[in-house]
Amino acid sequence: MTGIVYKSTGSWYFVKSNDGQFHQCRIKGKFRIKGIKSTNPIAVGDKVVFDLEKKGDEETGVIKKILDRENFIVRKSVNLSKQTHIIAANLDLVFLLITINNPPTLTAFIDRFLVTTRAYRIETVLVFNKIDAYAIEERAEILYLKDIYEAIGYKCIEVSAIENTNVVTLKELMKGKTSMFVGHSGVGKSTLVNAIAPNLDLKTQEISEQHKQGQHTTTFAEMFDLSFDAKIIDTPGIKGFGVVDMNKYELGDYFPEFFALKQYCKFNDCLHLKEPHCAVKEALEEEEISWSRYRSYLQILEGEEETEHFRTDVWNEEDD
Ligand code: GDP
Ligand code: ZN
């Protein structure tokens, strides 16, 4: 049988088969996926092949195979071991929640995040939340940011989770897809998800789960089916994700507006720094490229220049 992993506790995987039934599965032997050193071989969102085994009157599954992943996102390990933890696989859409204040979301954070999702090939939508609460200057800031990001191809939506403004637009985008919501602590992720799917009540679920298992804050990702043909992956305590290894010459490729101009740079390994006849720098002078985007590019590049390969890192667990 084939199915999708909805939840994992480390030793058990809850797999929904194509006929809509849930099966508790485990893996037999060692699963190794080439090129990935991860603490968990199988993640939420993975498509797997499994067999059912009957022991007494209990029927459980044994996972035989993981189907190729469209993408996957990882978490940086807390210690220095090279191991990573795969948070989720096969995501279609990520909503990055942004607030201007309470808390502020800086463009450096937004741009790092967008580099990461582009490297992972995951469509990203920018969601400006709390529009009910902004004065004129903050409104202007949103319009300014929307101009920048819409011009380079990112969908931007203004919402109010509390007043339900434009929540229906988000639901339209989520249809038929697997989505995830990320952003700084306090931007309104839980409020928004509860506005989208009132029956889900993620917080409550999380607490009862902890209570049941008597364990403290180890947070597992979990996928939920929503009533309107959408799937959502909830990762409590996660504001972003990251750790993409890349070469410094690749970085510009994940800034779509730089990538589009790269072919017009004199050197094909142009880093868009001080090279002559650089189309990116020329566009910047003409204000066709945003200075804040270029600044983020420099920050990522300079911050990591010592090593040839580096990691973009927007991953953080909530500090609180
Ligand atoms: P999370 O940490 O991202 O899950 O954020 P929460 O959903 O817990 O929200 C943090 C705070 O922001 C709470 O006090 C919410 O009531 C508030 N909040 C969330 N969405 C909105 C909104 O659309 N407008 C306003 N004014 N406040 C909001
Ligand atoms: Zn250049």
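All ligand and atom numbering here is 1-based and tracks the order in the structure. Counting from 1, the numbers follow the sequence of the chain as shown.
- For ligand 1, the atoms closer than 4.0 angstrom to any heavy atom of Ser185 are 2 (O).
- No N or O atom of Ala133 sits closer than 3.5 Å to an N or O atom of ligand 1.
- A centroid separation of less than 6.0 Å is found between the aromatic rings of Phe181 and Phe95.
- Ligand-side atoms of ligand 1 in range of Ser160: 23 (O), range being under 4.0 angstrom from any heavy atom.
- Which parts of ligand 1 touch Thr191 is read off a 4.0 Å heavy-atom cut-off, strictly below it: atoms 6 (P), 7 (O), 9 (O), 15 (C), 19 (C), 20 (N).
- The Zn ion (ligand 2) does not have His277 among its coordinating residues (no N/O/S atom, backbone or side chain, under 2.8 Å).
- At a threshold of 4.0 Å, the pair Glu275-Lys266 does not count as salt-bridged, since none of the basic side-chain nitrogens sits closer than that to a carboxylate oxygen.
- The closest non-hydrogen atom to atom 16 (O) of ligand 1, taken over Leu97, Ile162, Asn102, comes from Ile162.
- Expressed to the nearest 10°, the angle at the Zn ion (ligand 2) joining SG in Cys270 with SG in Cys265 is 120°.
- The pair Asp225-Lys16 counts as a salt bridge, with a side-chain nitrogen and a carboxylate oxygen less than 4.0 angstrom apart.
- Looking only at atom types and distance, the side chain of Asp111 has no donor-acceptor partner in the side chain of Tyr254 under 3.5 Å away.
- As for His272, its N/O/S atom nearest the Zn ion (ligand 2) is the one called ND1.
- Proximity of Leu192 to ligand 1, defined as any heavy-atom pair under 4.0 Å, is not found for any part of the residue.
- Rounded to the nearest 0.5 angstrom, Leu114 CG and Phe109 CZ are separated by 9.5 Å.
- Taking CD1 of Ile157 as the start and CG of Leu126 as the end, the distance is 9.0 Å to the nearest 0.5 Å.
- The pair Arg139-Glu158 meets the salt-bridge criterion, since a charged nitrogen lies less than 4.0 angstrom from a carboxylate oxygen.
- Polar contact check, Val159 against ligand 1: no nitrogen or oxygen pair lies under 3.5 Å apart.
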